[in-house]
Undergrad: 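Dropping the structure in here first, questions after.
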Number of protein chains: 2
Amino acid sequence: MKINSNIRYGLRAIIEIANSPKPVLQREIAERQEISLNYLDSIIAGLKNSGLIVNSGGKGSGYILAKKAKDITVYQVYCAFSPDLQLVNCFCDTNECQRSNNCPSKDYWFELNSKIKELMSSKTIKELMNNDILINQ
Amino acid sequence: MKINSNIRYGLRAIIEIANSPKPVLQREIAERQEISLNYLDSIIAGLKNSGLIVNSGGKGSGYILAKKAKDITVYQVYCAFSPDLQLVNCFCDTNECQRSNNCPSKDYWFELNSKIKELMSSKTIKELMNNDILINQ
DNA sequence: TTTACATCCAACTAATTCAGTTGGATAACT
DNA sequence: AGTTATCCAACTGAATTAGTTGGATGTAAA
Ligand code: FES
Ligand code: FES
């Protein structure tokens, strides 16, 4: 179990945007977070297509959060880059396990899956922002 | 985030062993769990090298749990096949992140990591066994 | 004692995923 | 016109996954 680069960078990028008093350019995120500008392209696209960030006023204007930091969860960032969390395929709609009737391990993985989703859904970007910024809000 | 085959099969195999009133042969596990006998080799090896199961009396005698089912956790099974859970490398001893001072996302991943470990450590094989067997213990 | 079985173990493989890079299209501002 | 910013698709090398193959070794039944 690992968190992949898209999700790691995506979380860092959105925290960077949340922390900034002004709209942030992609280049600025790339510099501050030391992520290749080109690679960041797809990260930003993921956040944007999921409706978590927007261009503040068209091209060149920089990015801002699309909603309040307290209304964006880590799980939403996760889902911007991966399908809904499914630790195993046993309980996956499209690929359900043939052994699935009354399987104790399936039940356990499902339970763990739900709890991990909860853990990610209950943490908001606001809780990950730096305090100086919060004071000004 | 996915649970890999070793861990999935390993959990199913150890539940199979736990549920059996008699020592179980590798071949029996392979048949009942529909896992290739050859592939199961490495699964059994993992469980055995981690001290979770033992041969009940040398070759051909079948496997039994090395300790009580209530003393074997899902996290121990996990660790039989993977190093200690590390969702990201930022807080990894050997590969610590250069950006690591005061990084909110690192702190969050570490917190999530701890909670997932807890979730896996607090579930025992006994809880995953079938009830008929438990009654006889 | 030969044979069959059970376990042990290392090396190989195809397929997939990961973590980016390259190269360019498009649009806006200067 | 030229620079900058964003958008987007295709490509790539490296690593990981999920096994298979082939055999060595030890035990037990015939
Ligand atoms: S349901 Fe998939 S292994 Fe049990
Ligand atoms: S510590 Fe690794 S990215 Fe923050």
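Order of the sequence lines sets the chain letters (A, B, ...), proteins ahead of strands, with each chain counted from 1.
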Undergrad: To the nearest angstrom, how far is B/Leu40 atom CG from D/dG19 atom C1'?
TA: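 Computing the B/Leu40:CG to D/dG19:C1' distance gives 13 Å.
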Undergrad: Name all pairs fulfilling the ring-ring contact (aromatic ring centres under 6.0 Å, His included) condition that reach into residues 52-88 of chain A, sequence neighbours left out, sorted by first residue then second.
TA: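 Residue pairs passing ring-ring contact (aromatic ring centres under 6.0 Å, His included), neighbours aside: A/Tyr75-A/Tyr78.
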Undergrad: Rounded off to whole Å, could you give me the CD1-to-C1' distance for the A/Ile53 and D/dA5 pair?
TA: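 A/Ile53 atom CD1 is separated from D/dA5 atom C1' by 14 Å.
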Undergrad: Counting only N and O atoms by type, is there a donor-acceptor contact under 3.5 Å from the side chain of A/Ser50 to the main-chain atoms of A/Leu52?
TA: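 Side chain of A/Ser50 to backbone of A/Leu52: no pair is present.
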Undergrad: Describe the nucleic acid contact of A/Tyr9 in one word from base, sugar-phosphate, nothing, applying a heavy-atom distance below 4.0 Å.
TA: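 Sugar-phosphate, no base atom in range.
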Undergrad: Where the side chain of B/Asn89 meets the backbone of B/Cys92, is there a donor-acceptor pair that is under 3.5 Å apart?
TA: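 It does not hold such a pair.
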Undergrad: Once you round it to whole Å, what is the distance between P of D/dT17 and CG of A/Asn4?
TA: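 Whole-Å distance recorded here is 13 Å.
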Undergrad: Taking B/Asn113 for the side chain and B/Leu85 for the main chain, is one N or O donor matched with an acceptor at less than 3.5 Å?
TA: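 Indeed, once roles are kept as given, a pair shorter than 3.5 Å links the two residues.
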Undergrad: To the nearest Å, give me how far apart CG (A/Asn89) and C1' (C/dT16) are.
TA: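 To the nearest whole Å, that distance equals 13 Å.
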Undergrad: Reading nucleotides 21-30 of chain C 5' to 3', which nucleotides get B (base under 4.0 Å from a protein heavy atom), which S (sugar-phosphate only), which -?
TA: BB---BS---
Undergrad: Nearest whole Å is fine: how far is D/dT27 C1' from B/Asn55 CG?
TA: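 Between C1' of D/dT27 and CG of B/Asn55: 12 Å.
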Undergrad: Counting only N and O atoms by type, is there a donor-acceptor contact under 3.5 Å from the side chain of B/Ser56 to the main-chain atoms of B/Gly62?
TA: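 Checked: pair present.
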Undergrad: Could you tell me whether A/Tyr63 contacts a base, only the sugar-phosphate backbone, or nothing, with contacts defined as non-hydrogen atoms closer than 4.0 Å?
TA: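 Touches sugar-phosphate only.
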Undergrad: So which of residues 25-32 of chain B are in contact with DNA chain C, with a heavy-atom cut-off of under 4.0 Å?
TA: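 Of all residues in residues 25-32 of chain B, the ones placing a heavy atom under 4.0 Å from DNA chain C are B/Leu25, B/Gln26, B/Arg27.
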Undergrad: Which atom pair, heavy atoms only, marks the closest approach of B/Glu16 to B/Gln33?
TA: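 So the minimum-distance heavy-atom pair works out to OE1-NE2, 2.7 Å.
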Undergrad: Under 4.0 Å between a side-chain N/O of B/Ser5 and OP1 or OP2 of D/dG19, yes or no?
TA: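 Yes, B/Ser5 has a side-chain N/O under 4.0 Å of OP1/OP2 on D/dG19.
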Undergrad: I'd like to check A/Ile29 versus A/Ile44 (side-chain heavy atoms, cut-off strictly below 4.5 Å). Are they in contact?
TA: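 Yes; the side chains approach each other to less than 4.5 Å.
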Undergrad: State, with a plain yes or no, whether a side-chain heavy atom of B/Thr73 is found less than 4.5 Å away from one of B/Met120.
TA: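 They are not in contact (no side-chain heavy atoms under 4.5 Å apart), so the answer is no.
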Undergrad: Provide, to the nearest angstrom, the distance between the CZ atom belonging to B/Arg8 and the P atom belonging to D/dT17.
TA: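 Atom CZ in B/Arg8 sits about 12 Å away from atom P in D/dT17.
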Undergrad: Rounded to whole Å, how long is the line connecting atom CD1 of B/Ile7 with atom P of D/dG19?
TA: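 Answer to the nearest Å: 14 Å.
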Undergrad: Need one value for A/Asn6: base, sugar-phosphate or nothing, where a base atom within 4.0 Å counts as base even if backbone is also close, heavy atoms only.
TA: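 Contact class for A/Asn6: none.
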Undergrad: Rounded to the Å, how far apart are B/Phe81 CZ and D/dG19 P?
TA: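 In whole Å, D/dG19 P and B/Phe81 CZ are 14 Å from each other.
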Undergrad: Is there a donor-acceptor pair under 3.5 Å between the side chain of B/Ser42 and the backbone N or O of B/Tyr39?
TA: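 Yes, the answer is positive, given that a donor and an acceptor are paired below the 3.5 Å cut-off.
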